[in-house]
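To start, the structure under review is shown below, and the notes come after it.
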Amino acid sequence: MLEVQRRIAALRESPGNGRPLYEQVANEMAQAIRAGELRPGERLPSVRQLATDLGLSVSTVMSVYTRLAEGGLVNGEAGRGTFVSETPSAGAVPAAPAPRPAAEPAAAVRAGSAWRRQVLAQTEARLKHGFPSARDLMRGGPDPALLPLSVIKRAYRDVSSRLTAHDLEYPATLGTEPELSDALLKRLAGDGIEAEADDILIGGSTQQFLALLAMLLGRRAPGERVLVGVEEPGYQTAMDTLEFHGLGLVPMRLDESGVTAEGLRGALDAGVSAVLFTPRAQSPTGCGWSAERRQALADALIPHPDVWIIEDDQFAEAATARPGSLYGEARLRERVVHLRSFSKSVAPDLRLSAAVVRQPIRHPLTMAKSFADGWTSRTSQRVLAAALTDPRIDDLLAEARTEYALRRAAVRDAVRRAGADRGLGLSVPALDTDGLHVWVTLPDGCDADRVVEAAAHRGFLLAAGQPFFLSPGDQRHLRINAGALPAEHAERLATAVCDAATSVLGQPTALLTP
């Protein structure tokens, strides 16, 4: 086995004609079995041991053993290990499927500055200064009135009453507070995520985790351009964070069920090292996975064992949908990072987010966090745990969930009716979405920036869609934070949007300057 391992280690230094590393390793081991170097009945190293010995990821070695088993060359015995078959097949390891042409073009965008957040922040500051009384529906935050303030106050009182001087010292480890682990595990299980306490890492925010993961992805291929597949349109801060750390972005197309299988395959064919999904309440469109879509994405990802899978579940506790997670697929679990934020549902200012992540990603992610901010406040962790276990919290979350759904429906229906009455050709989602936002497609010849300006004159601050795309240029969309607007104001908003669109329809979008 040592000689075989030496040859496998050499594969890491060769290009392999563009073939995935796991295929090269599987073929090397298959040849060794057929040549008698690995004898029938011989026990092979465990997945973790071989990964350690060869410097490979656990998921790569798992894919190797799976491929050999499919070819009848090895067999696994529960509790004992993996063995060379007594009568190994004379055939080769099953051939990989022929390279598939990308279902749609997936061009990577050059890494750049955080232009998206800058555009949104500068526009908001200008409009707020010019229209201080206008209702702000630009920001992506929750309605403070729907946050469980009474529960949070009670949690702070309870935790502070039990504080000791020792609790204010440096922690001995970076482990999650036990009461928070228990609370999170129960809520994760409700979404079909069966995790263990050791799988949970607590950080300050989802953005922090994305920044740390971006740094680790860059280190996986030093000197090479690392690509990440992202939803388009998608979460602007995530795009900015990834680009800020030098990564290139590859768009993945969406429909009402989230990223399409074709969009994902296009990104995989482009050579991405990771993909970023929003399972539900996607920002800015509000779409979310169906069970069928989740399975289709899993099927597309299984043949790519070195691609990391990042899930940004940023609206979980206030969401209507329960789409599950790719963490539930055993063949993907060790490369899934499921990020669970409580900013939209409990309180942004708690500054807490949970990462559900296993080895081999967990260790480097924990190390990276230890050098970023050390640890996450144990007191804050206990406050979140107390809030999540308060007997009133689920009723309050249910009230918020119901109210957000009512507000989305009111805005969606009002804008659709007003647009149809005027023959404007405005488009909004046909089905109910989730989260805070309603995504509006403007008619041809209607510039989003001009609509935003005209809507501000009519009392509403809206976000143009351009910052939610990989490249500047989109002028056909608006993002409306319907979650921030009580339903009784939906008709007035719809009138303002349609008046604004009518006022700018057909106006030129660019002027020549000397």
Side-chain angles (χ1 to χ4, degrees), residues 107-131 134 136-142 205-207 210-211 214 228-254 258-259 263 276-278 281-287 312 314-315 341 343-344 348 427-429 433 435-442 446-456 460-484 497 500-501 504 509-510:
V109 174
R110 199 172 320 208
S113 63
W115 67 270
R116 301 171 186 85
R117 292 193 306 168
Q118 290 175 5
V119 167
L120 286 171
Q122 291 169 1
T123 302
E124 182 180 20
R126 177 177 59 80
L127 292 178
K128 277 190 169 182
H129 177 75
F131 307 94
D136 188 354
L137 305 181
M138 288 189 68
R139 299 178 67 83
S205 65
T206 294
Q207 184 179 346
L210 289 176
V228 177
V230 297
E231 298 159 334
E232 188 178 45
Y235 179 37
Q236 77 284 356
T237 298
M239 294 184 196
D240 281 346
T241 299
L242 297 173
E243 284 192 329
F244 181 80
H245 287 274
L247 276 57
L249 307 182
V250 177
M252 298 188 294
R253 187 171 59 83
L254 302 171
V259 170
L276 174 60
F277 296 124
T278 312
Q282 193 263 357
S283 178
T285 69
C287 66
D312 178 11
Q314 45 83 32
F315 203 72
S341 170
S343 293
K344 303 295 193 298
S427 174
V428 294
T433 53
L436 298 173
H437 305 125
V438 170
W439 184 244
V440 178
T441 303
L442 297 168
C446 201
D447 181 87
D449 287 331
R450 290 179 178 270
V451 172
V452 165
E453 195 77 26
F460 294 94
L461 306 186
L462 312 177
Q466 180 173 247
F468 306 102
F469 288 82
L470 270 67
S471 300
D474 179 87
Q475 296 295 337
R476 289 287 311 281
H477 296 93
L478 300 175
R479 187 192 75 174
I480 301 174
N481 185 350
V497 169
V504 306
T509 59

At what distance, to the nearest 0.5 angstrom, does CD of Gln118 lie from CG of Asp240?
-> 7.5 Å

Pairwise distance CZ(Arg116) to CD(Glu243) - rounded to 0.5 angstrom | 4.0 Å

Using the test side-chain contact (heavy atoms from CB on, under 4.5 Å), find all partners of Thr433 that sit at least two apart in sequence or belong to another chain.
-> Arg408, Pro429

Check the angle between the aromatic planes of His477 and Trp439 and answer parallel, tilted or perpendicular using the 30° and 60° thresholds.
-> parallel

How long is the gap from CD1 on Ile480 to CG on Leu436, to the nearest 0.5 Å?
-> 13.0 Å

Mind checking side-chain contact (heavy atoms from CB on, under 4.5 Å) for Ala211 and listing every partner two or more places apart, or none if nothing turns up?
-> Thr241, His245

Could I get the full list of side-chain hydrogen bond (donor to acceptor under 3.5 Å, both in side chains) partners for Glu231, not counting sequence neighbours?
-> Thr278, Gln282

Are any of the side-chain heavy atoms of Leu242 and Leu249 separated by less than 4.5 Å?
-> yes

Hey, are the side chains of Phe468 and Leu120 touching, using non-hydrogen atoms and a 4.5 Å cut-off?
-> yes

Could I get the full list of ring-ring contact (aromatic ring centres under 6.0 Å, His included) partners for Phe277, not counting sequence neighbours?
-> Trp289

Which pair of heavy atoms, one from Ala484 and one from Leu137, lies closest together, and at what distance?
-> CB-CD2, 4.0 Å

Kindly compute the distance separating OG (Ser471) from CD (Gln466), expressed to the nearest 0.5 Å.
-> 10.0 Å

Determine the minimum heavy-atom distance between Arg139 and Arg479, stating which atoms define it.
-> C-NH2, 3.6 Å

Search all heavy atoms of Pro284 against all heavy atoms of His437 and return the closest pair with its distance.
-> O-CB, 3.3 Å

Which residues satisfy the side-chain hydrogen bond (donor to acceptor under 3.5 Å, both in side chains) test with Arg126, sequence neighbours excluded?
-> Glu453

Test Leu276 against Asp312 for side-chain contact (heavy atoms from CB on, under 4.5 Å), laying out the working first.
-> CA-CA 7 Å; Leu276 174 60; Asp312 178 11; 4.2 Å; yes

One should read off an interatomic distance between Thr123 OG1 and Leu462 CG, to the nearest 0.5 angstrom, of 12.0 Å

Non-neighbouring partners of Ser427 that pass side-chain contact (heavy atoms from CB on, under 4.5 Å), sequence neighbours left out = Thr441

What residues, two or more places apart in sequence or in another chain, satisfy side-chain contact (heavy atoms from CB on, under 4.5 Å) together with Ala448?
-> Leu442, Ala464, Gln475, Leu478

Those residues that, when tested against Gln314, pass side-chain hydrogen bond (donor to acceptor under 3.5 Å, both in side chains) (two or more places apart) | none

For the residue pair Ala454 and Ala500, what are the closest heavy atoms and their distance?
-> CB-CB, 3.6 Å

Looking at CD of Glu124 and CG of Leu461, how far apart are the two atoms once the value is rounded to the nearest 0.5 Å?
-> 7.0 Å

Considering non-hydrogen atoms only, spot the tightest contact between Glu232 and Leu254 and give its length.
-> O-CG, 3.9 Å

How far apart are the closest heavy atoms of Ser343 and Pro348, and which atoms are they?
-> O-CD, 3.0 Å

side-chain contact (heavy atoms from CB on, under 4.5 Å) between Met138 and Leu127, worked out = CA-CA 10 Å; Met138 288 189 68; Leu127 292 178; 4.3 Å; yes

side-chain hydrogen bond (donor to acceptor under 3.5 Å, both in side chains) partners for Thr206, two or more places apart | Ser353

